[in-house]
Amino acid sequence: MVTTRLAALAGHFGRDIDRALLKLQALIESATNDGVDLLVLPDACLGGYISDLRRPDTEELPPALAADSPELGAVAKMAGRMTVCIGYTELCDGVRYNAAACVTGDGVLGSHRKVHQPAGESLAYAAGDSFTAFDTPVGRIGMLIDYDKTFPESARTLALDGARIIAALSAWPASITDRAARMTQDRQSRLFDLYDSARAAENQVVLVSSNQTGIQGGLRFLGQAKVVGPGGDVLARTGTKGGLAVAELDVDYEVNRARKVLRHLEERRIDTYRRLLDRGEH
C-alpha cells in the first residue's frame with residue numbers, strides 16, 4: 001500500500017504579496033515537516049480576492065502576476081518535493097484571470113484559469129475556457145477554482161481526463177444576499193460542503209478543498225477546508241477559522257475500491273443525453 005498525505009488549507013491572504021510569501025514559507029515548511037505530499041492552498045493566496053462580488057472596484061483589483069513570475073517561482077522553490085496548488089491573479093497579454101498553478105521544486109506542473117464566474121466577477125477577470133488534468137508526483141490531478149465546482153461538468157471533465165485527485169481552490173464567501181446569524185445556518189456554507197462531497201462521490205475521486213478565511217472588503221470567507229474520499233465521505237476538515245485538514249490514504253486503492261462494482265464514468269448513458277448534445281449543451 002502506497003499512502004499519500006493530502007492537506008487542504010483554510011487561511012486568510014490579503015493584498016500584500018510579500019507578507020503572503022512569508023506566511024507561505026512557514027506553512028510549507030511546517031507541512032514538509034509533517035510529511036505532506038500534496039498541499040492545496042486557497043484561491044487568491046498571492047494578492048487576495050476582489051472585495052465585492054456584485055460591483056468589484058476595478059480601480060483596486062488584486063495585484064496580478066505573470067505565470068512565470070518570481071513570486072510563483074519562489075513558491076515552487078519552497079515546495080521542493082511537495083506538490084503545491086496555489087491561487088493567484090494571472091496577467092497574460094494585458095488580460096487578468098483568476099488562476100491556479102500546481103508546482104513542485106521542478107517548476108509548474110499544471111495550471112487552470114477559472115471558467116465559471118459568479119455575479120460581477122467578469123468585471124475583474126476574463127474567463128478561462130478549459131479543464132485539463134495533468135500528471136504530478138502524487139498522481140494525476142485536476143484543479144477547480146471556487147464557483148467551478150458548482151457545475152458537475154467541471155469535475156466530470158477532469159475525471160474523464162484521468163484525474164483521481166481534484167484540487168478545489170476557493171475564495172468562497174458566506175451569502176451576501178441572505179446573511180445568517182450563525183455560519184452553520186448560512187446557505188453558502190451548506191452549498192460549499194454539499195458540492196465538495198457531491199463532486200467527489202459522483203466521479204469517485206478524491207477531492208481536496210481549500211478556502212480563504214477572514215474578511216476582504218464586504219466578503220466574509222467560510223474556511224471549511226476538507227479532504228473528501230471517493231464515496232463523498234469527509235476524511236478531514238477544518239472549521240471556519242484557519243487550519244489544515246490532513247488525511248492519509250492510498251488514493252489508487254480507494255478510487256479503485258469505489259469503482260469496483262459501480263463505475264460511474266463507464267456507466268453513463270450518453271445516448272440518452274442526446275437532447276443536450278444536439279443543443280450544444282454537453
Side-chain angles (χ1 to χ4, degrees), residues 8-25 27-28 39-79 84-103 107-132 142-150 154 167-173 176 209-222 225:
L9 180 73
H12 176 66
F13 295 87
R15 292 282 190 266
D16 191 330
I17 292 180
D18 290 336
R19 183 177 180 182
L21 288 171
L22 288 173
K23 185 173 183 178
L24 289 171
Q25 178 74 62
L27 285 166
I28 291 174
L39 174 62
V40 178
L41 300 167
D43 178 30
C45 262
L46 297 177
Y49 189 55
I50 55 178
S51 300
D52 188 321
L53 270 179
R54 291 171 290 188
R55 293 176 295 276
D57 186 348
T58 55
E59 298 299 319
E60 294 188 13
L61 293 175
L65 304 170
D68 59 354
S69 67
E71 292 84 355
L72 279 172
V75 175
K77 185 176 180 180
M78 294 175 198
V84 176
C85 298
I86 184 168
Y88 70 108
T89 295
E90 179 190 355
L91 184 65
C92 180
D93 297 328
V95 180
R96 303 165 65 92
Y97 299 92
N98 190 345
C102 182
V103 302
V108 177
L109 305 178
S111 60
H112 175 61
R113 292 169 174 170
K114 182 176 177 180
V115 172
H116 300 96
Q117 297 181 307
E121 195 182 72
S122 61
L123 300 175
Y125 302 106
D129 59 9
S130 65
F131 296 96
T132 306
M143 294 191 292
L144 303 174
I145 298 176
D146 46 50
Y147 197 45
D148 283 336
K149 73 180 177 185
T150 302
S154 306
L169 297 78
S170 291
W172 194 295
I176 59 176
S209 173
S210 62
N211 198 17
Q212 289 261 7
T213 61
I215 294 173
Q216 177 79 53
L219 303 178
R220 179 180 53 148
F221 297 109
L222 297 171

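All of these numbers come straight from a predicted model, not from anything done at the bench.
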I need the Asp57 CG to Leu123 CG distance, nearest 0.5 Å. 11.0 Å
Report the C-alpha distance between Leu46 and Leu24 in whole Å, list the side-chain angles of each, state the deciding distance to 0.1 Å, and finish with yes or no for side chain to side chain contact (heavy atoms under 4.5 Å, CB included). CA-CA 10 Å; Leu46 297 177; Leu24 289 171; 3.9 Å; yes
Note, Ile17 side chain near Pro63 side chain (heavy atom, < 4.5 Å): yes
Within the structure provided, determine whether Phe131 and Leu144 are in side-chain contact (heavy-atom separation under 4.5 Å). yes
Considering all heavy atoms of both residues, which atom of Pro56 and which atom of Gly120 are nearest to each other, and what is their separation? CG-O, 3.4 Å
Using every non-hydrogen atom in the two residues, find where Gln216 and Gly48 come nearest and quote the distance to one decimal. OE1-CA, 4.5 Å
Provide the closest heavy-atom pair for Ala225 versus Ala10 in the form atom of the first, atom of the second, distance. CB-N, 3.7 Å
Treating Asn211 as the side-chain partner and Trp172 as the backbone partner, does any N or O pair qualify as donor plus acceptor under 3.5 Å? yes
After noting the C-alpha distance and the side-chain angles of Lys149 and Ser209, does the key distance pass the side chain to side chain contact (heavy atoms under 4.5 Å, CB included) rule? CA-CA 10 Å; Lys149 73 180 177 185; Ser209 173; 3.4 Å; yes
Answer yes or no: is there a side-chain heavy-atom contact under 4.5 Å between Leu169 and Val40? yes
Side-chain donor or acceptor of Thr89 paired with backbone N/O of Ala64 under 3.5 Å: no
Where does the angle between the aromatic ring planes of Tyr49 and Tyr125 fall among parallel (under 30°), tilted (30 to 60°) and perpendicular (over 60°)? parallel
Least distance between heavy atoms, Cys85 atom then Met143 atom: SG-SD, 3.9 Å
Min side-chain heavy-atom separation Ile86-Leu72 under 4.5 Å: yes
Can you tell which of Asp148, Asp129, Asp146 makes a salt bridge (Lys or Arg N to Asp or Glu O under 4.0 Å) with Lys114? Asp146
Would you say that Pro62 contacts Ile50 through its side chain, given a criterion of any heavy-atom pair below 4.5 Å between the two side chains? yes
How many angstroms lie between atom CE of Met78 and atom CG of Leu21, to the nearest 0.5 angstrom? 5.0 Å
So, taking the atom named SG in Cys102 and the one named NE2 in His112, what distance separates them when rounded to the nearest 0.5 Å? 13.0 Å
Report yes or no: does Arg113 contribute a side-chain atom to a donor-acceptor pair with the main-chain N or O of Ala126 at less than 3.5 Å? no
Decide yes or no on side chain to side chain contact (heavy atoms under 4.5 Å, CB included) for Ser154 and Val115, but give the supporting numbers first. CA-CA 9 Å; Ser154 306; Val115 172; over 6 Å; no
A side-chain contact here means heavy atoms from C-beta on lying under 4.5 Å apart; do Thr150 and His116 qualify? no
Is Lys23 positioned over the aromatic face of Phe13, cation under 6.0 angstrom from the ring centre and no more than 45 degrees off axis? yes
Should Pro118 and Leu53 count as side-chain neighbours, where that means a heavy-atom distance under 4.5 Å? yes
How close do Arg96 and Leu61 get, counting heavy atoms only, and between which atoms? NH2-CB, 3.3 Å
Taking C-beta and beyond as the side chain, do Ser51 and Glu60 meet within less than 4.5 Å on heavy atoms? no
Looking at Leu65, is its backbone amide N or carbonyl O close enough to the side chain of Glu71 to form a donor-acceptor pair, meaning the two atoms are under 3.5 Å apart? no
Return the minimal non-hydrogen interatomic distance between Tyr97 and Ala127, and the atom names on each side. CE2-O, 3.8 Å
Checking Thr213 side chain against His12 main chain: does a donor-acceptor pair fall under 3.5 Å? yes
So, does Gln212 use its side chain to make a donor-acceptor pair with the main chain of Pro42 at under 3.5 Å? no
